[in-house]
Number of protein chains: 2
Amino acid sequence: MVTETTDFELARFLPYRMTVAAERLSAGMAKRYSDEFGISVAEWRILVHVADSDAVSIREIHQRVHLEKSKASRAASRLEAAGYLSKQVNDQDRRLISLTLTEKGRELMDRLLPVARDFQARLDALLAPYNDALDSALEIMMEGDL
Amino acid sequence: MVTETTDFELARFLPYRMTVAAERLSAGMAKRYSDEFGISVAEWRILVHVADSDAVSIREIHQRVHLEKSKASRAASRLEAAGYLSKQVNDQDRRLISLTLTEKGRELMDRLLPVARDFQARLDALLAPYNDALDSALEIMMEGDL
DNA sequence: TTGACATCGTTGCAAGTGCAACAAATAGTC
DNA sequence: GACTATTTGTTGCACTTGCAACGATGTCAA
């Protein structure tokens, strides 16, 4: 019986390590706001994108922040229901939707963005010696030909 | 009206980048086998763990490969239903379950493990200049005090 | 032994997910 | 203009997920 040697270490398998690390970072971020504001990751991404380029369509979100379009659609609906976002049809192209922050949404971002910046600063400090290499590695993982 | 400056770039936010990169790596791996074998990430983790230390409990999987215990439980049930795994109660402690690879499961791993090793080798090559730094950074992200 | 407590794996439930199908709107071609 | 093809956002569906609750089993002290 010729069986594969089974000495494969999941702990050294990059897809695994990346997933675990990413989950930990997201949890670290969520911990800093989730109790206060009930925002999911998908909702957070939409909010950020709408915040700095208002009148955004679902399609744009889908393309720019790596969200399935149905996921983007439903997250946007939740945000609208919660009063953070306003949806209206685009007059130039009535297939499109314009997402805009409401006043309440703007207030939310006024409190959320500093938290995100602080967290990013904390990570930058923690990872200081490796930041450049990490940047390059991430670039390859996100864009490279795997 | 004093509004937060909204110049926050999601594309530079590490939790976001890590998540996207991790998803891409997992997709890259899945692409190399998913058509052939219908294995999910959770199932893959369990298989690897059972493969190199047989007679594993759900609790052990939960602790060692970062899976929710209900997720581990259900993934293990699926693997059992598919004939890759065998479940039996531990006689020393009848709360525990012993998961073991079936012959079919061993054959699956004989084909899956080389794929994983190849993929890891490809990633190592692609990331060669940054591997050490990436290792250190991942260590911090997974264990550090965020 | 008995009773209180802890641990393990499973399951009910509500919510979220991915995919394909869909209607509405637009673009392109003749 | 009329016809076809494409694009956009939503939704139906089956499946997955996370959490809490549960029964079964084990532990420990009195």
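Given the structure is predicted, the values throughout are model-derived calculations rather than measurements.
- The distance from atom NE2 of A:His62 to atom P of D:dT10 is 13 Å, rounded to the nearest whole Å.
- Across the protein-nucleic acid pair, B:Leu67 atom CG and D:dT17 atom P stand 9 Å apart, rounded to whole Å.
- Between the CD1 atom of A:Ile46 and the P atom of D:dG9 there is a distance of 11 Å, given to the nearest Å.
- When the nearest nucleotides of DNA chain D are assigned to A:Gln63 and B:Lys71 by heavy-atom distance, the more 5′-ward of the two goes with A:Gln63.
- Nearest nucleotide to the side chain of A:Arg94, out of D:dG18, D:dT10, C:dA25: C:dA25.
- Distance CD (B:Gln92) to C1' (D:dT27): 16 Å, rounded to an integer number of Å.
- The base of C:dG18 is paired with the side chain of A:Arg74 by a donor and an acceptor separated by under 3.5 Å.
- Rounded to whole angstrom, the span from the CD atom of A:Glu60 across to the C1' atom of D:dT7 amounts to 15 Å.
- Positionally, the nearest nucleotide of DNA chain C for B:Ile58 lies more toward the 5' end than for the other of A:Asp93 and B:Ile58.
- Taking only side-chain nitrogens and oxygens, B:Lys87 never comes nearer than 4.0 Å to OP1 or OP2 of C:dC8.
- In this structure, B:Arg45 places its CZ atom 16 Å from P of D:dT16, rounding to the nearest Å.
- In the set D:dG18, C:dG9, C:dG18, D:dG18 carries the atom at the smallest distance from any side-chain atom of B:Glu68.
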Stepwise salt bridge (charged side-chain N to carboxylate O under 4.0 Å, His left out) check, B:Glu107 with B:Lys104: CA-CA 5 Å; B:Glu107 284 165 11; B:Lys104 186 180 172 191; over 6 Å; no
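- Ranked by how close their nearest DNA chain C nucleotide is to the 5' end, A:Arg78 and B:Ser70 are led by B:Ser70.
- At a threshold of 4.0 angstrom between heavy atoms, the contacts of A:Ser57 are confined to the sugar-phosphate backbone, with no base atom among them.
- The side chain of A:Lys69 places no N or O atom within less than 4.0 Å of a non-bridging phosphate oxygen (OP1 or OP2) of D:dT11.
- Side-chain contact of B:Lys87 with B:Ser77: a donor-acceptor pair under 3.5 Å is present, judged by distance alone.
- To the nearest angstrom, C1' of C:dA6 lies 13 Å from CG of B:Leu96.
- Between B:Asp135 and A:Arg17 there is a salt bridge, since at least one side-chain N of the basic residue sits less than 4.0 Å from a carboxylate O of the acidic one.
- Here the C1' atom of nucleotide D:dA24 and the CG atom of B:Asn90 are 15 Å apart, to the nearest Å.
- Summarising the geometry of A:Leu99 relative to A:Ala76, their closest heavy-atom pair is CD1-CB, 4.1 Å, with the distance given to 0.1 Å.
- Taking every heavy atom of both residues into account, A:Val50 and A:Leu101 meet most closely at CG1-N, 3.7 Å.
- For A:Arg95 and D:dT7, a side-chain-to-base donor-acceptor distance below 3.5 Å is present, hydrogens and geometry of angles not being considered.
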